[in-house]
There are 2 protein chains.
Amino acid sequence: MINCTEILRQHHLKATPQRVEIAQTLHTNGHMNIENLYEVLLKKFRTISLATIYKNIHVMTKNGFIQEVKIPAHKSVYELSKGTHSHLVCTQCHSIEDITLDLTYPKESVLKRSSFLVEKTDLILSGLCSKCQKL
Amino acid sequence: MINCTEILRQHHLKATPQRVEIAQTLHTNGHMNIENLYEVLLKKFRTISLATIYKNIHVMTKNGFIQEVKIPAHKSVYELSKGTHSHLVCTQCHSIEDITLDLTYPKESVLKRSSFLVEKTDLILSGLCSKCQKL
DNA sequence: CTGGGTGCAAAGTATTTGCATGAAC
DNA sequence: GTTCATGCAAATACTTTGCACCCAG
């Protein structure tokens with residue numbers, strides 16, 4: 001449980017019940033797509049609309065409160081912004097796990113070989129999670 | 001210029017003029033989204049339909065002839081399959097460049113710290129290309 | 001020939017927008 | 001009280017499907 005009301009305000013967003021719940025849900029469940037989020041929020045707000053979800057995801061993404069993660073062959077999922085990290089995505093059960101990896105070498109390699117200025121990295125590792133390897 | 005007819009057949013795809021042109025266009029232009037591809041192909045085939053593009057992108061992706069690349073804040077782009085590589089994406093001019101980076105360290109780190117079996121990596125580096133840095 | 005591809009139109013899905021009402025601050 | 005969010009409905013955008021006709025092999 002986190003204090004979403006406060007965090008939302010710090011991001012210059014009015015802390016409506018819907019927003020608090022979106023933030024709380026993303027915090028609890030980790031990574032969710034729009035559909036999942038809608039299903040979960042419906043339990044709390046019987047009349048919430050997809051438009052509300054979309055509008056909020058949009059402003060929250062724009063101001064950096066949350067981030068979109070694009071995964072091959074998946075719908076986009078959203079997560080609360082936090083330090084740079086990578087994602088382990090199981091191609092079997094579709095679970096998504098965070099992992100913090102050191103990308104110093106690849107980044108230095110870019111520096112040496114091109115004049116591109118790296119500001120952000122998104123690394124998705126797809127494969128089999130431990131459970132699915134055993135099946 | 002490459003021999004797309006032959007390459008398509010090797011992938012068990014009938015080499016229709018539309019397919020040959022899709023392959024050739026992706027080879028020439030590097031990374032393209034559906035819209036770009038459609039615009040370019042319209043010049044060659046005045047009656048080609050989006051449905052044809054979508055259907056072909058679909059079968060070609062499924063059989064591994066081409067690959068979808070999902071880039072934050074971009075529409076998906078497609079490229080001819082080739083060895084594993086990463087992408088440098090300029091947040092200013094939206095150019096996309098390939099670069100081959102050594103991901104041995106991050107991969108070993110996954111091995112040591114989890115039992116996840118990595119089969120595929122997708123690394124997107126976003127930032128400023130050399131041209132946009134000078135503006 | 002024959003299977004599969006093409007292009008059109010229609011359907012399906014996803015996302016955005018306009019607007020009246022209502023809630024946050 | 002003012003500003004901005006919500007929820008509905010409609011509009012738009014994106015993608016898939018069905019089908020008659022046609023072409024690559």
Side-chain angles (χ1 to χ4, degrees), chain A residues 3-26 32-63 65-78, chain B residues 3-26 32-63 65-78:
Chain A
N3 184 344
C4 294
T5 302
E6 201 41 54
I7 304 179
L8 282 166
R9 289 192 184 133
Q10 284 164 13
H11 284 266
H12 312 292
L13 292 169
K14 271 192 191 177
T16 65
Q18 290 86 341
R19 284 183 181 165
V20 171
E21 194 61 22
I22 289 174
Q24 190 59 58
T25 303
L26 288 180
M32 304 187 80
N33 65 31
I34 299 286
E35 205 182 325
N36 300 155
L37 202 48
Y38 181 51
E39 284 165 9
V40 172
L41 291 209
L42 264 181
K43 291 177 190 157
K44 193 118 182 184
F45 306 97
R46 275 166 299 152
T47 63
I48 197 171
S49 76
L50 265 174
T52 298
I53 312 263
Y54 276 113
K55 284 170 189 169
N56 281 324
I57 289 293
H58 185 250
V59 298
M60 290 175 175
T61 304
K62 221 174 45 168
N63 86 5
F65 179 52
I66 65 176
Q67 284 193 266
E68 184 181 14
V69 186
K70 289 193 162 198
I71 297 170
H74 277 243
K75 292 182 191 172
S76 286
V77 297
Y78 299 86
Chain B
N3 184 345
C4 294
T5 303
E6 201 40 54
I7 304 178
L8 282 165
R9 287 192 185 136
Q10 285 164 11
H11 284 265
H12 311 293
L13 292 169
K14 272 194 189 176
T16 65
Q18 289 86 339
R19 285 183 180 166
V20 171
E21 194 61 22
I22 288 174
Q24 189 60 59
T25 303
L26 287 180
M32 303 187 80
N33 64 31
I34 299 285
E35 204 182 327
N36 300 155
L37 201 49
Y38 182 51
E39 285 166 9
V40 172
L41 291 208
L42 264 182
K43 291 178 190 156
K44 193 118 181 184
F45 306 98
R46 275 165 299 151
T47 63
I48 197 172
S49 76
L50 265 173
T52 299
I53 311 264
Y54 277 112
K55 284 171 190 167
N56 281 324
I57 288 293
H58 184 248
V59 296
M60 290 175 176
T61 304
K62 221 174 44 168
N63 85 5
F65 180 52
I66 65 176
Q67 284 193 264
E68 183 181 13
V69 186
K70 289 192 164 200
I71 298 170
H74 277 243
K75 292 182 190 172
S76 286
V77 297
Y78 298 86

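The chains referred to below are lettered A, B, ... by the order of the sequence lines, with proteins before strands, and numbering in each begins at 1.
- The side-chain heavy atoms of B:M60 and B:L8, taken from C-beta on, include a pair separated by under 4.5 Å.
- The side-chain heavy atoms of B:V59 and B:R19, taken from C-beta on, include a pair separated by under 4.5 Å.
- As a whole-Å value, the separation of B:L8 CG from D:dA24 C1' is 12 Å.
- The shortest distance between the side-chain N/O atoms of A:R9 and the OP1/OP2 oxygens of C:dA24 is not below 4.0 Å.
- Both B:E35 and B:T16 lie near DNA chain D, and the one whose nearest nucleotide falls closer to the 5' end is B:E35.
- Contact annotation for A:T52: base contact, defined as any heavy-atom pair under 4.0 Å involving a base atom.
- Inter-residue side-chain proximity for B:I34 and B:Y78 is flagged as met; some heavy-atom pair is nearer than 4.5 Å.
- For B:R19, the listed nucleotide lying nearest its side chain is C:dG5; candidates were C:dG7, D:dA5, C:dG5.
- Atom CZ of A:F45 is separated from atom C1' of C:dG22 by 15 Å (rounded to the nearest Å).
- Distance from the side chain of A:Q18 is smallest to D:dT6 among D:dT15, D:dT6, C:dT15.
- Contact annotation for A:R46: no contact, since no heavy-atom pair falls under 4.0 Å across all strands.
- Nearest to the side-chain atoms of A:A51 among the listed nucleotides C:dA23, C:dT15, D:dA9 stands D:dA9.
- Atom-to-atom, CG of B:N56 to C1' of D:dT16 comes out at 14 Å; the value is rounded to the nearest Å.
- Taking every side-chain heavy atom of B:S49 into account, C:dG7 is the closest of C:dG7, C:dA24, D:dC14.
- Atom pair B:K75:NZ and D:dT15:C1' shows a separation of 12 Å (rounding to whole Å applied).
- One side chain, B:E68 or B:S76, offers a donor N or O that lies under 3.5 Å from an acceptor on the other.
- Per the geometry, CG belonging to B:L42 stands 14 Å off C1' belonging to C:dT6, to the nearest Å.
- Checked by distance alone, B:K55 brings no side-chain donor or acceptor within 3.5 Å of a matching partner on the base of C:dG4.
- Nucleotide C:dG4 holds its P atom 12 Å from the NZ atom of B:K62, rounded to whole Å.
- The phosphate of C:dA14 has neither OP1 nor OP2 within less than 4.0 Å of any side-chain N or O from A:N33.
- Here the closest heavy-atom approach between residue B:Q18 and residue B:L41 is recorded as O-CD1, 4.3 Å.
- Rounded to an integer number of Å, the gap from A:I34 CD1 to C:dT15 P is 6 Å.
- With rounding to whole Å, B:L13 atom CG is found 11 Å from C:dG4 atom C1'.
- Contact annotation: A:Y54 side-chain N/O to C:dT16 OP1/OP2 distance is not under 4.0 Å.
- A close approach under 4.0 Å does not occur between any side-chain nitrogen or oxygen of A:K14 and OP1 or OP2 of C:dA23.
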